[in-house]
Amino acid sequence: MLAVPAGRVVSYGQVADMAGLGRQARFVGRALGMLPAGHSVPWFRVIRNTGQIAFPPGSDTFEQQKALLMNEGVEVINGRVSMKRFRWRP
DNA sequence: GTTTTGACGGACA
DNA sequence: TTGTCCGCCAAAA
């Protein structure tokens, strides 16, 4: 499921692979953008493989996601999530 | 049926 | 680890 633990972020490819889509990460993004307003999917925890948010800095969605991630305890710097914390053990 | 864009991924510097 | 370039897949125009 798209249930990602709080304080943890997953890349689109991760979700795609988990959903069985394979390398269709784009499909995931499209599906998320197609989600209604009352969705129960933590889309804000879904970021790119590079650790950068899939939104241009300054966008409303970007700020929203950034705030949510920071709220979860994820370090968001310069519109980028410190994936060093998700690579190997800290 | 063909072309373009996209909430992307992986490799190289 | 971060930044940049190329390439892959599917949906929309």
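Here is how names work: the chains are called A, B, and so on, in the same order as the sequence lines, proteins then strands, and each is numbered from 1.
A close approach under 4.0 Å does not occur between any side-chain nitrogen or oxygen of Gln24(A) and OP1 or OP2 of dC9(C). At dC8(B), none of the side-chain N or O atoms of Asn49(A) fall inside 4.0 Å of OP1 or OP2 (strictly under the cut-off).
Taking atom CE of residue Met34(A) and atom P of nucleotide dA11(C), one finds them 11 Å apart after rounding to whole Å. Rounded to whole angstrom, the span from the CD atom of Glu75(A) across to the C1' atom of dT2(C) amounts to 16 Å. Atoms CZ (Arg48(A)) and P (dC5(C)) sit 13 Å apart, rounded to a whole Å. What separates CG of Asp17(A) from P of dC9(C) is a distance of 15 Å, to the nearest Å. When the C1' atom of dA11(C) is taken as reference, atom CG of Leu21(A) falls 14 Å away, rounded to whole Å. The CD-P distance, from Gln52(A) to dG10(B), rounds to 16 Å in whole Å. Between the CD1 atom of Ile47(A) and the P atom of dG9(B) there is a distance of 9 Å, given to the nearest Å. Atom CD1 in Ile77(A) sits roughly 13 Å away from atom P in dT1(C) (whole-Å rounding).
Residue contacts shown for Gly13(A) are limited to sugar-phosphate atoms, with no base heavy atom under 4.0 Å away.
Around atom CD of Glu63(A), more than 12 heavy atoms belonging to other residues, nucleotides or ligands sit under 6.0 Å away. The environment of CZ in Phe44(A) is crowded: more than 12 heavy-atom neighbours from other residues, nucleotides or ligands sit within 6.0 Å.
Set against dC8(B), dA11(C), dA7(B), the side chain of Arg30(A) has dA11(C) as its closest nucleotide. Of the candidate nucleotides dG6(B), dA11(C), dG3(C), dG6(B) has the atom nearest to the side chain of Arg26(A). With dA7(B), dC9(C), dA11(C) as the candidates, the nucleotide lying closest to the side chain of Phe27(A) is dA11(C).
In this structure, Gln65(A) contributes its side chain and Val46(A) its backbone to a donor-acceptor pair below 3.5 Å.
Side-chain atoms of Phe55(A) and Ile47(A), non-hydrogen and from C-beta on, never get closer than 4.5 Å to each other. No side-chain heavy atom of Lys66(A) sits less than 4.5 Å from a side-chain heavy atom of Val81(A).
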